[in-house]
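In what follows, every heavy atom counts, from backbone to side chain, and hydrogens, waters and symmetry copies are set aside. Naming: A, B, ... by sequence-line order, numbering from 1 per chain.
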Amino acid sequence: MLQVSVLKNNPEWVKERLSVKNFKQLDLVDKIIALDNERKSIQLGFDTAQSGINAISKEIGLLMTTGNVAEATEAKAQVAAFKVQAAEFSEKIVAVEKQLHEAIVQLPNLPAKEVPLGKTPEENVVVREGGQIPNLYEKAQEHWFLLDKYKLANFELGNKITGAGFPVYTGQGAKLQRSLVQYFLDFNVKAGYFEYLPPFMVNEQSAFATGQLPDKEGQMYHVTEDKLYLIPTAEVPVTNVYRDTILKEDELPVKMTAYSPCFRREAGSYGKDVRGLNRVHQFEKVEIIQLVHPEKSYQVLDEMVAHVEALLNSLELPYRILRLCGGDMGFTSAITYDFEVFSAAQKRWLEVSSVSNFENYQTNRMKCRFKDSNNKMVLAHSLNGSSLALPRIVACLLENFQTAEGIILPKALQSYFGAEGIF
RNA sequence: GGAGAGAUGGCAGAGUGGUCGAAUGCGGCAGUCUCGAAAACUGUUGACUUUAAUAGGUUCAAGGGUUCGAAUCCCUUUCUCUCCGCCA
């Protein structure tokens, strides 16, 4: 959530930034400023009336203790007038604040100055590439054939038990999931991230704090009976660890990591793009999250990008890093880097991680603050990234490392998997 | 699911209708002492909000009510704890 003060200080600049994100309702900015001014003047009226009530009530207290009942009764009459005023004002305040909240929640985060212009994924900018695209042997197959060939996952079974997009991992396929999760978590913990295993459902407040509500309501599974949402990412429960929290400056940065299954409704298309593990409703992911001093968030963003990059390098996968253009970025993000790995049999890039700086957009909703050296309350900055989402990593591992003899896993994974590969 | 108890500042914990934004202790910060630190002593110390400042307003789980006045009385909700039931 943007701060009203930011809009007030420089409305034209805010509008210019919002346009970069391809946001159309620029008149909302002026509407919000007007609503806030209205809110303030009503509040002043209320405060004045309330101040009158308080002052007279205090006098009445004194009169009563000195036994001056006649004057006290007279004073009581004075309060009545103030009370009518105060009630009117407070009714108006509730209405205006509601409007203000509904309006400001519609504004996405402002993109950072480094964010490239553009509206579609084609306009994202490739920042870096790494790794080697392998030359596959002539009988190489797409991963959905390999999953079947080695009995690693069963889509029909998932379809029977639950529905489309809920694969059942089996045998070595299940073990590969487990080894990857373990490997990723160890890698993150070694880099100083503190591990959590969070709840996989969250309440409305948590979903609002990280920005899933009200913007992405339709993308989450909703347990209506208990008003809970299945998490679309561990970002939601783990970032909320620090909701309504006042940190000490020296507690920053807070570095957290968590494994969780992720549930996404993703009203989707059909065909090759979503075949196999390319897009599913439930998948495993390990997430990294940081809460940092505002002055350091961009430095930390680079560190997190480098961290994910190191992880991909250790898996010996070919990858590229994209800086997302304004139109392709998420609602809550100020800048986002996407990581894609090359799926050598499908011959296409698949997104496996997304690393973002949210600046204080989430922390403003969450009220996650710290006291700075001048003893002033300051909103922290929040960042997160996947390290990593499993399905597409699995797809690439299977496709890129396939040989006539079997799938020879990268060295880093072998000890976790307990074998050289899948045969 | 049934019965009972409770929710107060960073923490512990007083406070049952008026000078309570809240005693006291711990913690934090500053000072005295010291080469420095510890101890001791002294002072200071919640959040949100309006204001240039002075000065206001809100906030004792949340929402509503009674009252001139509510942390304190009443109602509703949420959460926590104890006991019973059920259960991996």
CG of A:Leu247 versus P of B:G28: gap in Å, rounded? 18 Å

Spacing between A:Glu71 atom CD and B:C68 atom C1', to the nearest angstrom: 14 Å

Quick one: A:Leu63 CG to B:U67 P, roughly how many Å, whole number? 20 Å

Hunt down the Watson-Crick or G-U wobble partner of B:A5, both distances under 3.5 Å, from any strand shown, or write none. B:U80

For A:Asn54 and B:G57, is the shortest distance between a side-chain N/O and OP1 or OP2 below 4.0 Å? yes

A:Asp244 CG to B:G9 P, in whole Å, measures 14 Å

By the Watson-Crick or G-U definition, both distances under 3.5 Å, B:A38 is matched with none

By nearest nucleotide on RNA chain B, pick out whichever of A:Lys76 and A:Phe46 is the more 5' one. A:Phe46

Separation of atom NZ in A:Lys83 from atom C1' in B:C68, rounded to whole Å: 7 Å

For nucleotides 47-50 of chain B, print each protein N/O atom paired with a nucleotide N/O atom at under 3.5 Å, atom names and distance only.
from	atom 1	to	atom 2	distance (Å)
B:A47	OP1	A:Lys371	NZ	3.3
B:C48	OP1	A:Arg369	NH1	3.0

Spacing of the C1' atoms in B:G9 and B:C81 (rounded, Å): 22 Å

In the structure shown, which nucleotide is the Watson-Crick or G-U wobble counterpart of B:A71, with both distances under 3.5 Å? none

Give the ring-plane orientation class for A:Phe339 versus A:Tyr319, where under 30° counts as parallel, over 60° as perpendicular and anything between as tilted. tilted

Atom-to-atom span, NZ of A:Lys367 to C1' of B:G46 - whole angstrom: 16 Å

Side chain A:Lys21, main chain A:Phe331, donor-acceptor under 3.5 Å: yes

What pair of heavy atoms forms the shortest contact from A:Arg17 to A:Lys113, and how long is it? NH1-CA, 3.5 Å

By the Watson-Crick or G-U definition, both distances under 3.5 Å, B:C48 is matched with B:G57

Check A:Lys98 with A:Glu102, please: is the shortest side-chain N to carboxylate O separation under 4.0 Å? yes

Please state how far atom NZ in A:Lys58 lies from atom C1' in B:U19, giving the value in whole angstrom units. 7 Å

Do A:Arg275's NZ or CZ and the ring of A:Phe145 fall within the cation-pi criteria of under 6.0 Å and 45°? yes

Who passes side chain to side chain donor-acceptor pair (under 3.5 Å) against A:Tyr193, sequence neighbours left out? A:Gln290

Using a 4.0 Å heavy-atom cut-off across all strands, classify A:Ile60 as base, sugar-phosphate, or nothing. base

Rounded to whole Å, how long is the line connecting atom CD of A:Glu204 with atom P of B:A62? 19 Å

Side-chain donor-acceptor contact under 3.5 Å, A:Lys255 with A:Asn188: no

Need the pair for B:C33. Rule: Watson-Crick or G-U wobble, both distances under 3.5 Å, any strand; none if unpaired. none

Determine which nucleotide pairs with B:G21, using a 3.5 Å limit on both distances of a Watson-Crick or G-U wobble pair. none

